[in-house]
Amino acid sequence: MIRTRFAPSPTGYLHIGGARTALFAWAYARHHQGTFILRIEDTDVARSTPAAVQAILDGMQWLGLDPDEGPFYQMQRMARYKEVIAQMLAAGTAYHCYTSREELDALRAEQEANKQKPRYDGRWRPGDQPLPAPPAGIQPVVRFRNPVDGVVAWDDLVKGRIEIANAELDDFIIARADGTPTYNFCVVVDDWDMRISHVIRGDDHVNNTPRQINVLRALGATVPLYGHLPMILGDDGQKLSKRHGAVSVMQYDTDGYLPEAVLNYLGRLGWSHGDEEIFSLEQFCAWFDFDHVTSSAAQFNTEKLNWLNAHYLKSADPARLAGEVRRRLAAQGVDADAAHALEKAVALYQERVGNLNELADAVHPFCVAVEPPTELLAQHLTPLARSALASLRDTLAGVSDWQAAQLGQAVKQTLTSHSLKMPQLAIPLRVVLLGQAQSPSIDAVLETLGRERVLERLERLPQPRA
RNA sequence: GACCCUAUCGUCUAGAGGCCUAGGACAAUACCCUUUCACGGUAUGAACCCGGGUUCGAAUCCCGGUGGGGUCGCCA
């Protein structure tokens, strides 16, 4: 039984790297009819916030990566961690350490001065030497008694075999002086208790893996399989951080991206299936495997995401898009329900825009009266165009069946009677009707805008400057 | 500094020793389509980090170098 988990710490929103980790873990479970678990790692009380928990949940939901189990919260599992720590203390696989932070700082400074790898020197580790008497008034931390010899090795799902010598590892703290357990310990207990079969996480955790494996062994637990995903770099090739380029997945929502476009993009970033570029979430789950996950970091490319977004926009259901547009327009104080044919207008533009915000902007003139920019008027509303527009208005008023075909006929009729080429009439018409010199086919615009609005906007032709 | 990971067009990637005069996609450029702008179509330019091996043969395997990244917390 495949059981994967996504285990973010709620110290911020769900960013793009976390989203991809979640997607891969989710897809792997789906692929194998397994279980995907969401676990919130909130043991850092000082930095975890309920708002961040909510932001992560919102992000997961927007992407549609629903967990089969959880969310579980580590803070609610304290009793269990303490129980395991007590067992380890009793078994001798963990011990109390009374070294103060000041002593630790001094030790680290000394090691760095000697160009050595900073690490705990094991001064309170039970061994051959007799231990000093515990100093009074100091609450000890609990350290894991790491093996001294040999190597810890595992076959990483994405990076292949990785070996790290135990000599590189020190006795890390599993419980703070106040008794609360630390990350490397909680993860182990949780992955064990939750019977996680595949630990899929960012490769910034590679160095934690040997420690965790050692604890698992000390506990007599089964060691899961590990897959460490390379990181995602920003558009500029720089590392993503709160300060630089890292944004919440929800930002993609406000920027007008469709979740399926983001998912498709993320799926293709660091994973491939031959030449496939466009695939649904379902298809991704069916294809996903670790053999085709890239082992090196990938640079985020917004332009490719834009291309995918435009693609999904084209084939999306206009009714759904209309809902999104309504929501965005409402935020601008525009009541899109006033547009009797919002869905039609959306259908007219959905294959011409790159995101939902552009779609909302495009549809805007179909909802409320437009005020054409003066430059456009000056440029296109020539006396010739004015007279043609006036005559077109009259012809249009007589059209019985307000359909693109008939409207196109009316336009062509005006063209002939005024000896004009299509652009000479269509562009001024666009400016007057939509406030823009570009639009979809003019007959479709006329039909979609509707008889009433067209005639009204042509009626009130902006006057030339005296 | 130590340890670990990593290296194919500008970017994402295909590539599991001969199928590679290295394929696809985004982006770029040109042309076509056209009622403007898009969309779409066609075409073009663009890469195996360097040096040694192994092999009849290496983008693919090995070693070294260099570049990039990660980790060295009573953070996760």
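Excluded from the calculations below are hydrogen atoms, water molecules and symmetry mates; all remaining heavy atoms, backbone and side chain alike, are included. So that the names make sense, note that chain A is the first sequence line, chain B the second, and so on, each numbered from 1.
- A straight line from CD1 of Ile173(A) to P of C74(B) spans 4 Å, rounded to a whole angstrom.
- For the pair Ala177(A) and Thr294(A), both in contact range of RNA chain B, the more 5′-proximal nearest nucleotide belongs to Thr294(A).
- Between Phe288(A) and Phe290(A), the two ring planes are perpendicular [angle over 60°; tilted spans 30° to 60°].
- Of the candidate nucleotides C12(B), U11(B), U71(B), C12(B) has the atom lying nearest to any side-chain atom of Lys304(A).
- Nucleotide C3(B) holds its P atom 19 Å from the CG atom of Asp203(A), rounded to whole Å.
- For the C1' atoms, the distance linking C32(B) with G23(B) amounts to 26 Å, nearest Å.
- Atom P of U71(B) sits at a distance of 34 Å from the matching atom of G17(B), rounded to the whole Å.
- Using atom C1' as the reference point in both G18(B) and U44(B), the two lie 30 Å apart (nearest Å).
- Judged by a 6.0 Å distance limit and a 45° cone about the ring axis, Arg20(A) is positioned over the six-membered ring of Phe24(A).
- Counting non-hydrogen atoms under 4.0 angstrom, Glu277(A) reaches a base of the nucleic acid.
- Across the strands present, A47(B) finds no partner; the criterion is a Watson-Crick or G-U wobble pair with both atom distances under 3.5 angstrom.
- Minimum atom distance to the side chain of Ser296(A) is reached by U6(B), of the listed C4(B), U6(B), G70(B).
- Atom-to-atom, CD of Gln111(A) to P of C3(B) comes out at 15 Å; the value is rounded to the nearest Å.
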**Sequence-aligned protein contact record of nucleotides 30-36 of chain B, with B where the base is within under 4.0 Å of a protein heavy atom and S where only the sugar-phosphate is** = -----BB

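- Distance check on atom P: G52(B) versus C5(B) gives 26 Å, rounded to whole Å.
- Among the protein residues, Thr43(A) comes within range of the sugar-phosphate backbone only, with heavy atoms under 4.0 Å from sugar or phosphate atoms but none that close to a base.
- Residue contacts shown for Arg119(A) are absent, as no nucleic acid heavy atom lies under 4.0 Å away.
- Aromatic rings of Phe300(A) and Tyr265(A) (six-membered ring for Trp) have centroids within the 6.0 Å cut-off, being under it.
- In summary, the side chains of His228(A) and Thr209(A) do present a donor paired with an acceptor at a separation below 3.5 Å, with no hydrogens or angles considered.
- Rounding to whole angstrom units, CZ of residue Arg47(A) and P of C74(B) are separated by 13 Å.
- In this model, no donor atom of one side chain and acceptor atom of the other lie less than 3.5 Å apart for Asp235(A) and Gln299(A).
- At the heavy-atom level, Glu163(A) lies under 4.0 Å from the strands shown only through sugar-phosphate atoms.
- The stretch residues 227-239 of chain A comes close to RNA chain B through Met231(A), Lys239(A), each having a heavy atom under 4.0 Å from the strand.
- Looking at Asp275(A), its side chain comes within 3.5 Å of the base of G23(B) through a donor and an acceptor atom.
- Nearest-nucleotide assignment on RNA chain B puts the 5′-proximal partner with Ile164(A), out of Gln299(A) and Ile164(A).
- Nearest nucleotide to the side chain of Trp307(A), out of A25(B), A76(B), C12(B): A25(B).
- For Ser295(A), the side-chain atoms get nearest to U6(B) when compared with the rest of U6(B), A76(B), G73(B).
- In this structure, Phe185(A) has its ring center at least 6.0 angstrom away from the ring center of Phe172(A).
- Atom P of nucleotide C61(B) and atom CZ of Arg161(A) are separated by 18 Å, given to the nearest angstrom.
- The pair Arg145(A)-Asp171(A) fails the salt-bridge criterion, with no side-chain N (NZ, NE, NH1 or NH2) lying under 4.0 Å from an Asp/Glu carboxylate O.
- Using a 4.0 Å heavy-atom distance criterion, Val206(A) is classed as a sugar-phosphate-only contact.
- Spacing between atom CG of Asn355(A) and atom C1' of C39(B) amounts to 16 Å, rounded to whole angstrom units.
- The nucleotide U54(B) finds no pairing partner, because no Watson-Crick or G-U wobble arrangement with both distances shorter than 3.5 Å includes it.
- By the 4.0 Å N-to-carboxylate-O rule, Asp361(A) lies too far from Arg328(A) to be salt-bridged with it.
- Nucleotide U36(B) is matched to nothing when pairs are restricted to Watson-Crick or G-U wobble geometry with both distances under 3.5 angstrom.
- The phosphate of G40(B) has OP1 or OP2 within less than 4.0 Å of a side-chain N or O from Lys314(A).
- With hydrogens and angles left out, the side-chain atoms of Gln283(A) and Ser280(A) include no donor and acceptor closer than 3.5 Å.
- Here, A47(B) and U36(B) have their C1' atoms 39 Å apart, quoted to the whole Å.
- Taking the six-membered ring where the residue is Trp, the centroids of Trp271(A) and Phe284(A) are separated by under 6.0 Å.
- Residue His205(A) places its side chain closer to A76(B) than to any other of C74(B), A76(B), U6(B).
- Contacts of Thr302(A) with the nucleic acid, taken as non-hydrogen atoms under 4.0 Å apart, are absent.
- A sub-4.0 Å separation between OP1 or OP2 of U13(B) and a side-chain N or O of Arg268(A) is absent.
- OP1 or OP2 of G15(B) lies within a sub-4.0 Å distance of a side-chain N or O belonging to His292(A).
- A salt bridge between Glu110(A) and Arg108(A) is absent, with no side-chain N of the basic residue lying under 4.0 Å from a carboxylate O of the acidic one.
- For the C1' atoms, the distance linking G68(B) with G53(B) amounts to 25 Å, nearest Å.
- On the P atoms, A43(B) is 10 Å away from A25(B), given to the nearest whole Å.
- When the C1' atom of C72(B) is taken as reference, atom CD of Gln212(A) falls 15 Å away, rounded to whole Å.
- The separation of C20(B) from U8(B), taken at their C1' atoms, amounts to 12 Å, rounded to a whole angstrom.
- Side-chain rings of His273(A) and Phe279(A) stay apart, their centers remaining 6.0 Å or farther from each other.
- One atom, CG of Asp156(A), and another, C1' of U6(B), lie 13 Å apart when rounded to the nearest Å.
- Look at Thr182(A) and you won't find any side-chain N or O under 4.0 angstrom from OP1 or OP2 of G73(B).
- The pair Arg211(A)-Asp170(A) meets the salt-bridge criterion, with a side-chain N (NZ, NE, NH1 or NH2) lying under 4.0 Å from an Asp/Glu carboxylate O.
- Nearest nucleotide to the Asn208(A) side chain, out of G24(B), A76(B), C12(B): A76(B).
- Residue contacts shown for Gly270(A) are limited to sugar-phosphate atoms, with no base heavy atom under 4.0 Å away.
- Pair assignment for U11(B) gives A25(B), based on Watson-Crick or G-U wobble hydrogen-bonding distances that are each under 3.5 Å.
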